[in-house]
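The block underneath contains the structure these notes are about, expressed in C-alpha coordinates.
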Amino acid sequence: MRLNFSRLASAAIITFGFLGSAHADGLPGAPAPFDKGGVKVALIAYISGGDFFQAYQAGAEAQAKALGIDLRVFPGKQNAAEQREQISQAINLGVQGIVIDHGQPEAISDVAQQAVDAGIKVVAFDVNLNNKAIPQIEQSDHELSRLALEQVVKDNGTTFNAGYVYVPGFAPLDRRNDVWETFKADNAGVVEKARFGVVNDTTATSTADQAKAALTANPDINVIFAPYDEFARGVKLAAADLGISDKIKIYSADVSTADIQEIVEEGSPWVATVATNPAVVGAVSIRAVALKIAGQDVPATILVKPALLTQSQLREAGVKSIEELAAKVPAFSESDAVTADWIPAKLY
Ligand code: SR1
(Lines give C-alpha, C1' and ligand atoms only; values in the text may rest on other atoms or scores of the structure.)
Protein backbone atom coordinates (compact mmCIF):
# COMPACT_ATOMS: atom_id res chain seq x y z
CA MET A 1 0.00 0.00 0.00
CA ARG A 2 1.44 3.40 -1.00
CA LEU A 3 1.64 6.45 1.23
CA ASN A 4 -0.47 9.24 -0.27
CA PHE A 5 -0.62 12.59 1.46
CA SER A 6 -3.99 14.29 1.00
CA ARG A 7 -6.72 13.68 3.61
CA LEU A 8 -8.40 15.06 6.72
CA ALA A 9 -9.23 13.15 9.90
CA SER A 10 -10.62 13.41 13.40
CA ALA A 11 -10.91 11.06 16.38
CA ALA A 12 -13.99 9.33 17.71
CA ILE A 13 -15.05 9.26 21.37
CA ILE A 14 -15.13 6.27 23.71
CA THR A 15 -18.26 5.71 25.81
CA PHE A 16 -19.97 2.75 27.46
CA GLY A 17 -23.56 1.51 27.60
CA PHE A 18 -26.25 1.97 24.95
CA LEU A 19 -25.25 5.05 23.02
CA GLY A 20 -27.37 7.83 21.66
CA SER A 21 -27.30 8.01 17.88
CA ALA A 22 -27.34 10.60 15.11
CA HIS A 23 -30.34 8.91 13.43
CA ALA A 24 -32.28 7.50 16.39
CA ASP A 25 -35.57 7.95 14.47
CA GLY A 26 -34.32 6.20 11.37
CA LEU A 27 -31.99 6.67 8.47
CA PRO A 28 -33.81 8.13 5.44
CA GLY A 29 -33.57 5.81 2.42
CA ALA A 30 -32.18 2.90 4.43
CA PRO A 31 -33.72 -0.59 4.33
CA ALA A 32 -35.70 -1.91 7.30
CA PRO A 33 -35.12 -1.85 10.21
CA PHE A 34 -32.68 1.06 9.81
CA ASP A 35 -35.37 3.26 8.21
CA LYS A 36 -37.25 3.34 11.52
CA GLY A 37 -34.30 3.40 13.93
CA GLY A 38 -34.01 1.75 17.33
CA VAL A 39 -31.72 -1.05 16.13
CA LYS A 40 -29.80 -2.52 19.06
CA VAL A 41 -26.37 -4.08 18.64
CA ALA A 42 -23.93 -5.45 21.22
CA LEU A 43 -20.16 -5.21 20.86
CA ILE A 44 -18.65 -7.90 23.06
CA ALA A 45 -14.90 -7.63 23.51
CA TYR A 46 -12.38 -10.08 24.94
CA ILE A 47 -9.71 -7.39 25.38
CA SER A 48 -10.51 -3.71 25.95
CA GLY A 49 -7.21 -2.36 27.28
CA GLY A 50 -4.51 -0.83 25.10
CA ASP A 51 -4.56 1.60 22.21
CA PHE A 52 -5.64 -0.85 19.52
CA PHE A 53 -8.76 -2.02 21.29
CA GLN A 54 -9.78 1.45 22.48
CA ALA A 55 -9.50 2.84 18.96
CA TYR A 56 -11.37 -0.17 17.54
CA GLN A 57 -14.21 0.50 19.96
CA ALA A 58 -14.22 4.21 19.17
CA GLY A 59 -14.52 3.46 15.45
CA ALA A 60 -17.35 1.00 16.09
CA GLU A 61 -19.17 3.61 18.16
CA ALA A 62 -18.77 6.32 15.53
CA GLN A 63 -20.11 4.04 12.77
CA ALA A 64 -22.99 2.85 14.98
CA LYS A 65 -23.95 6.44 15.68
CA ALA A 66 -23.92 7.30 11.97
CA LEU A 67 -26.24 4.33 11.32
CA GLY A 68 -28.67 5.19 14.12
CA ILE A 69 -27.71 2.03 16.01
CA ASP A 70 -27.97 1.83 19.79
CA LEU A 71 -24.66 0.17 20.59
CA ARG A 72 -24.11 -1.58 23.91
CA VAL A 73 -20.41 -2.18 24.57
CA PHE A 74 -19.46 -5.07 26.85
CA PRO A 75 -15.83 -4.47 27.83
CA GLY A 76 -13.41 -7.40 27.83
CA LYS A 77 -11.07 -8.42 30.60
CA GLN A 78 -9.42 -11.42 28.92
CA ASN A 79 -11.95 -13.56 30.72
CA ALA A 80 -13.53 -16.28 28.56
CA ALA A 81 -16.27 -17.13 31.07
CA GLU A 82 -17.26 -13.47 31.35
CA GLN A 83 -17.36 -13.02 27.58
CA ARG A 84 -19.55 -16.10 27.31
CA GLU A 85 -21.90 -14.67 29.95
CA GLN A 86 -21.98 -11.33 28.12
CA ILE A 87 -23.10 -13.04 24.90
CA SER A 88 -25.95 -14.67 26.84
CA GLN A 89 -26.85 -11.28 28.34
CA ALA A 90 -26.93 -9.69 24.89
CA ILE A 91 -29.28 -12.44 23.66
CA ASN A 92 -31.56 -11.75 26.64
CA LEU A 93 -31.46 -8.00 25.96
CA GLY A 94 -33.04 -8.69 22.57
CA VAL A 95 -30.33 -7.13 20.43
CA GLN A 96 -30.63 -7.59 16.67
CA GLY A 97 -26.90 -7.90 16.14
CA ILE A 98 -23.73 -8.91 17.97
CA VAL A 99 -20.11 -8.12 17.12
CA ILE A 100 -17.71 -10.48 18.88
CA ASP A 101 -14.25 -8.92 19.15
CA HIS A 102 -11.51 -11.51 19.85
CA GLY A 103 -12.05 -14.38 22.25
CA GLN A 104 -11.49 -18.07 22.72
CA PRO A 105 -13.55 -20.08 20.22
CA GLU A 106 -13.91 -23.11 22.50
CA ALA A 107 -15.49 -20.94 25.21
CA ILE A 108 -18.00 -19.05 23.09
CA SER A 109 -18.83 -21.00 19.91
CA ASP A 110 -21.93 -22.61 21.41
CA VAL A 111 -23.37 -19.35 22.83
CA ALA A 112 -22.63 -17.63 19.52
CA GLN A 113 -24.66 -20.40 17.85
CA GLN A 114 -27.45 -19.78 20.40
CA ALA A 115 -27.49 -16.15 19.29
CA VAL A 116 -27.71 -17.22 15.63
CA ASP A 117 -30.53 -19.65 16.53
CA ALA A 118 -32.36 -16.76 18.22
CA GLY A 119 -32.29 -14.88 14.90
CA ILE A 120 -29.54 -12.49 15.97
CA LYS A 121 -27.02 -11.53 13.29
CA VAL A 122 -23.48 -12.18 14.49
CA VAL A 123 -20.10 -11.14 13.06
CA ALA A 124 -16.68 -11.82 14.56
CA PHE A 125 -13.46 -9.84 14.50
CA ASP A 126 -10.26 -11.86 14.98
CA VAL A 127 -11.95 -14.90 16.46
CA ASN A 128 -12.70 -17.78 14.14
CA LEU A 129 -15.92 -19.39 15.32
CA ASN A 130 -15.94 -21.79 12.39
CA ASN A 131 -19.58 -21.01 11.73
CA LYS A 132 -20.94 -20.32 8.25
CA ALA A 133 -23.52 -17.90 9.67
CA ILE A 134 -20.81 -15.75 11.29
CA PRO A 135 -18.62 -13.69 8.94
CA GLN A 136 -15.02 -13.17 10.07
CA ILE A 137 -13.33 -9.77 9.92
CA GLU A 138 -9.53 -9.62 9.95
CA GLN A 139 -6.65 -7.34 9.04
CA SER A 140 -5.09 -9.57 6.35
CA ASP A 141 -2.74 -10.93 9.00
CA HIS A 142 -0.71 -13.03 6.60
CA GLU A 143 -0.07 -9.97 4.45
CA LEU A 144 0.66 -7.90 7.56
CA SER A 145 3.31 -10.36 8.70
CA ARG A 146 4.75 -10.67 5.19
CA LEU A 147 5.11 -6.88 4.81
CA ALA A 148 6.84 -6.61 8.19
CA LEU A 149 9.25 -9.44 7.38
CA GLU A 150 10.02 -7.96 3.95
CA GLN A 151 11.11 -4.82 5.77
CA VAL A 152 13.17 -6.92 8.19
CA VAL A 153 15.03 -8.42 5.22
CA LYS A 154 15.47 -5.02 3.57
CA ASP A 155 17.12 -3.68 6.72
CA ASN A 156 18.98 -6.77 7.96
CA GLY A 157 19.37 -9.25 5.11
CA THR A 158 18.56 -12.91 5.73
CA THR A 159 21.20 -13.69 8.35
CA PHE A 160 20.41 -12.46 11.84
CA ASN A 161 19.59 -13.55 15.37
CA ALA A 162 15.98 -12.95 16.26
CA GLY A 163 13.81 -12.57 19.31
CA TYR A 164 10.18 -13.40 18.61
CA VAL A 165 7.20 -12.28 20.67
CA TYR A 166 4.22 -14.60 20.37
CA VAL A 167 1.32 -15.90 22.44
CA PRO A 168 -0.58 -18.76 20.77
CA GLY A 169 -4.37 -18.96 20.82
CA PHE A 170 -5.18 -15.51 19.41
CA ALA A 171 -6.33 -15.80 15.79
CA PRO A 172 -4.40 -12.76 14.48
CA LEU A 173 -1.20 -13.78 16.26
CA ASP A 174 -1.56 -17.37 15.04
CA ARG A 175 -1.98 -16.17 11.45
CA ARG A 176 1.06 -13.87 11.77
CA ASN A 177 2.96 -16.81 13.24
CA ASP A 178 2.20 -18.96 10.16
CA VAL A 179 4.18 -16.48 8.08
CA TRP A 180 7.02 -16.27 10.62
CA GLU A 181 7.40 -20.07 10.62
CA THR A 182 7.52 -20.17 6.81
CA PHE A 183 9.97 -17.28 6.78
CA LYS A 184 12.34 -19.12 9.12
CA ALA A 185 12.02 -22.33 7.12
CA ASP A 186 12.91 -20.41 3.95
CA ASN A 187 15.86 -18.56 5.49
CA ALA A 188 18.36 -20.82 7.22
CA GLY A 189 20.39 -17.78 8.33
CA VAL A 190 17.53 -16.55 10.52
CA VAL A 191 17.99 -17.98 14.00
CA GLU A 192 15.21 -17.60 16.55
CA LYS A 193 17.25 -17.29 19.74
CA ALA A 194 14.36 -16.53 22.09
CA ARG A 195 10.58 -16.65 22.07
CA PHE A 196 8.48 -14.98 24.73
CA GLY A 197 5.33 -12.91 25.29
CA VAL A 198 2.28 -12.55 27.48
CA VAL A 199 -1.21 -11.11 26.94
CA ASN A 200 -2.81 -9.80 30.11
CA ASP A 201 -4.08 -6.45 31.44
CA THR A 202 -0.50 -5.13 31.51
CA THR A 203 0.81 -6.73 28.34
CA ALA A 204 3.54 -4.17 27.60
CA THR A 205 5.13 -4.19 31.05
CA SER A 206 4.80 -7.95 31.49
CA THR A 207 6.38 -8.47 28.07
CA ALA A 208 9.15 -6.02 29.06
CA ASP A 209 10.06 -8.23 32.02
CA GLN A 210 10.31 -11.27 29.77
CA ALA A 211 12.19 -9.32 27.09
CA LYS A 212 14.78 -8.19 29.62
CA ALA A 213 15.50 -11.79 30.57
CA ALA A 214 15.60 -12.92 26.92
CA LEU A 215 17.86 -10.08 25.78
CA THR A 216 20.19 -10.52 28.75
CA ALA A 217 20.51 -14.25 28.08
CA ASN A 218 20.97 -13.66 24.31
CA PRO A 219 23.07 -10.51 23.83
CA ASP A 220 23.57 -11.40 20.14
CA ILE A 221 19.88 -10.81 19.26
CA ASN A 222 19.72 -7.93 16.79
CA VAL A 223 16.17 -8.22 15.38
CA ILE A 224 12.92 -8.51 17.30
CA PHE A 225 9.72 -9.50 15.55
CA ALA A 226 6.92 -8.33 17.86
CA PRO A 227 3.69 -8.38 15.82
CA TYR A 228 1.43 -6.60 18.34
CA ASP A 229 2.13 -3.01 19.41
CA GLU A 230 1.91 -3.81 23.12
CA PHE A 231 4.65 -6.43 22.58
CA ALA A 232 6.82 -3.90 20.73
CA ARG A 233 6.37 -1.36 23.48
CA GLY A 234 7.44 -3.94 26.04
CA VAL A 235 10.58 -4.83 24.10
CA LYS A 236 11.44 -1.16 23.59
CA LEU A 237 11.10 -0.58 27.32
CA ALA A 238 13.36 -3.54 28.09
CA ALA A 239 15.98 -2.38 25.58
CA ALA A 240 16.01 1.11 27.13
CA ASP A 241 16.38 -0.35 30.65
CA LEU A 242 19.26 -2.56 29.49
CA GLY A 243 20.90 0.32 27.57
CA ILE A 244 20.86 -1.64 24.28
CA SER A 245 18.40 0.42 22.20
CA ASP A 246 21.11 0.96 19.57
CA LYS A 247 21.79 -2.80 19.28
CA ILE A 248 18.36 -4.06 18.25
CA LYS A 249 15.66 -3.27 15.70
CA ILE A 250 12.00 -3.89 16.50
CA TYR A 251 9.36 -4.70 13.85
CA SER A 252 5.72 -4.75 14.92
CA ALA A 253 2.05 -4.71 14.00
CA ASP A 254 -0.49 -1.96 14.85
CA VAL A 255 -0.22 1.77 15.23
CA SER A 256 -1.59 4.45 17.56
CA THR A 257 -0.68 8.03 18.39
CA ALA A 258 1.42 6.83 21.33
CA ASP A 259 3.12 4.25 19.08
CA ILE A 260 3.98 6.88 16.47
CA GLN A 261 5.61 9.00 19.14
CA GLU A 262 7.64 6.01 20.38
CA ILE A 263 8.67 5.08 16.84
CA VAL A 264 9.83 8.55 15.74
CA GLU A 265 11.60 9.57 18.94
CA GLU A 266 15.37 9.95 18.66
CA GLY A 267 17.27 6.70 19.14
CA SER A 268 14.14 4.54 19.01
CA PRO A 269 14.81 0.89 18.10
CA TRP A 270 11.20 0.52 16.87
CA VAL A 271 11.90 0.89 13.16
CA ALA A 272 8.72 -0.31 11.43
CA THR A 273 5.17 -1.42 11.96
CA VAL A 274 2.46 -2.77 9.66
CA ALA A 275 -0.98 -1.57 10.57
CA THR A 276 -4.55 -0.66 9.81
CA ASN A 277 -6.39 2.14 11.54
CA PRO A 278 -8.19 0.14 14.26
CA ALA A 279 -11.03 2.71 14.24
CA VAL A 280 -11.65 1.80 10.59
CA VAL A 281 -11.71 -1.91 11.52
CA GLY A 282 -14.26 -1.14 14.25
CA ALA A 283 -16.40 0.73 11.71
CA VAL A 284 -16.16 -2.15 9.23
CA SER A 285 -17.32 -4.57 11.96
CA ILE A 286 -20.45 -2.48 12.58
CA ARG A 287 -21.16 -2.13 8.86
CA ALA A 288 -20.91 -5.91 8.49
CA VAL A 289 -23.45 -6.58 11.23
CA ALA A 290 -25.70 -3.78 9.91
CA LEU A 291 -25.75 -5.30 6.41
CA LYS A 292 -26.67 -8.67 7.91
CA ILE A 293 -29.46 -7.12 9.97
CA ALA A 294 -30.77 -5.48 6.78
CA GLY A 295 -30.76 -8.92 5.11
CA GLN A 296 -28.00 -8.00 2.68
CA ASP A 297 -25.06 -10.13 1.58
CA VAL A 298 -21.86 -10.13 3.60
CA PRO A 299 -18.77 -12.11 2.52
CA ALA A 300 -17.62 -14.95 4.79
CA THR A 301 -14.25 -13.23 5.23
CA ILE A 302 -13.85 -9.46 5.33
CA LEU A 303 -10.32 -8.13 4.99
CA VAL A 304 -9.08 -4.71 6.05
CA LYS A 305 -5.70 -4.27 4.41
CA PRO A 306 -2.74 -3.00 6.44
CA ALA A 307 0.04 -0.64 5.36
CA LEU A 308 3.76 -0.66 6.14
CA LEU A 309 4.89 2.35 8.16
CA THR A 310 8.60 2.78 8.63
CA GLN A 311 10.33 5.02 11.12
CA SER A 312 11.97 6.99 8.32
CA GLN A 313 8.67 7.49 6.43
CA LEU A 314 6.96 8.74 9.58
CA ARG A 315 9.84 11.06 10.44
CA GLU A 316 10.04 12.44 6.89
CA ALA A 317 6.27 12.99 6.73
CA GLY A 318 6.35 14.69 10.15
CA VAL A 319 3.39 12.55 11.23
CA LYS A 320 2.74 12.76 14.98
CA SER A 321 -0.68 11.19 15.47
CA ILE A 322 -3.08 8.64 14.03
CA GLU A 323 -5.27 11.55 12.87
CA GLU A 324 -2.37 13.03 10.90
CA LEU A 325 -1.71 9.58 9.46
CA ALA A 326 -5.36 9.26 8.44
CA ALA A 327 -5.05 12.65 6.75
CA LYS A 328 -2.18 11.39 4.62
CA VAL A 329 -2.89 7.70 4.00
CA PRO A 330 -6.37 6.99 2.57
CA ALA A 331 -6.44 3.44 4.01
CA PHE A 332 -6.20 4.95 7.49
CA SER A 333 -9.28 7.12 7.09
CA GLU A 334 -11.67 4.69 5.39
CA SER A 335 -12.11 1.19 3.99
CA ASP A 336 -14.24 0.11 1.05
CA ALA A 337 -15.04 -3.17 2.83
CA VAL A 338 -18.74 -3.91 3.40
CA THR A 339 -20.20 -0.62 2.25
CA ALA A 340 -23.61 0.17 0.77
CA ASP A 341 -24.98 3.40 -0.60
CA TRP A 342 -27.39 3.70 2.36
CA ILE A 343 -24.57 3.38 4.90
CA PRO A 344 -22.78 6.58 5.90
CA ALA A 345 -19.28 5.06 5.72
CA LYS A 346 -17.08 8.10 6.11
CA LEU A 347 -15.96 8.48 9.70
CA TYR A 348 -13.33 11.11 9.00
C1 SR1 B 1 -3.78 -10.39 21.47
S2 SR1 B 1 -4.23 -10.17 19.84
C3 SR1 B 1 -3.63 -8.60 19.47
C4 SR1 B 1 -3.90 -8.21 18.06
O5 SR1 B 1 -5.28 -8.13 17.84
C6 SR1 B 1 -5.52 -7.23 16.77
O7 SR1 B 1 -5.56 -8.00 15.61
C8 SR1 B 1 -4.37 -6.27 16.77
O9 SR1 B 1 -3.82 -6.10 15.50
C10 SR1 B 1 -3.39 -6.84 17.75
O11 SR1 B 1 -2.08 -6.92 17.25
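One is the number of the first residue; the rest follow in order along the sequence. Quick caveat: nothing in here was measured; it's all calculated off a predicted structure. Just so you know, ligand 1 is whichever comes first in the structure, and atom 1 is the first atom listed for that ligand.
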List below, pair by pair, the N or O atoms of ligand 1 and of the protein that are less than 3.5 Å apart, including the distance to 0.1 Å; reply 'none' if no pair qualifies.
from	atom 1	to	atom 2	distance (Å)
ligand 1	5 (O)	His102	NE2	2.8
ligand 1	7 (O)	Asp126	OD2	2.5
ligand 1	7 (O)	Gln139	NE2	2.9
ligand 1	7 (O)	Arg176	NH2	3.2
ligand 1	9 (O)	Gln139	NE2	2.8
ligand 1	9 (O)	Arg176	NH2	2.9
ligand 1	9 (O)	Asp254	OD1	2.5
ligand 1	11 (O)	Arg176	NH1	2.8
ligand 1	11 (O)	Asp254	OD1	3.4
ligand 1	11 (O)	Asp254	OD2	2.6

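- Judged by distance alone, the side chains of Trp180 and Glu192 do bring a donor and an acceptor atom under 3.5 Å apart.
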Would you mind writing out the side-chain donor-acceptor pairs for residues 99-109 within the sub-3.5 Å range, not counting sequence neighbours?
from	atom 1	to	atom 2	distance (Å)
His102	NE2	Asp126	OD2	3.2
Gln104	NE2	Tyr46	OH	2.8
Ser109	OG	Pro105	O	2.7

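- Cation-pi check for Arg72 over Phe74 is met; the charged atom lies under 6.0 angstrom from the ring centroid and within 45 degrees of its normal.
- There is a side-chain donor-acceptor pair under 3.5 Å between Tyr251 and Asn156.
- Using a cut-off of 4.0 Å between Lys/Arg side-chain N and Asp/Glu carboxylate O, Lys212 and Asp241 are scored as salt-bridged.
- Looking only at atom types and distance, the side chain of Glu61 has a donor-acceptor partner in the side chain of Gln57 under 3.5 Å away.
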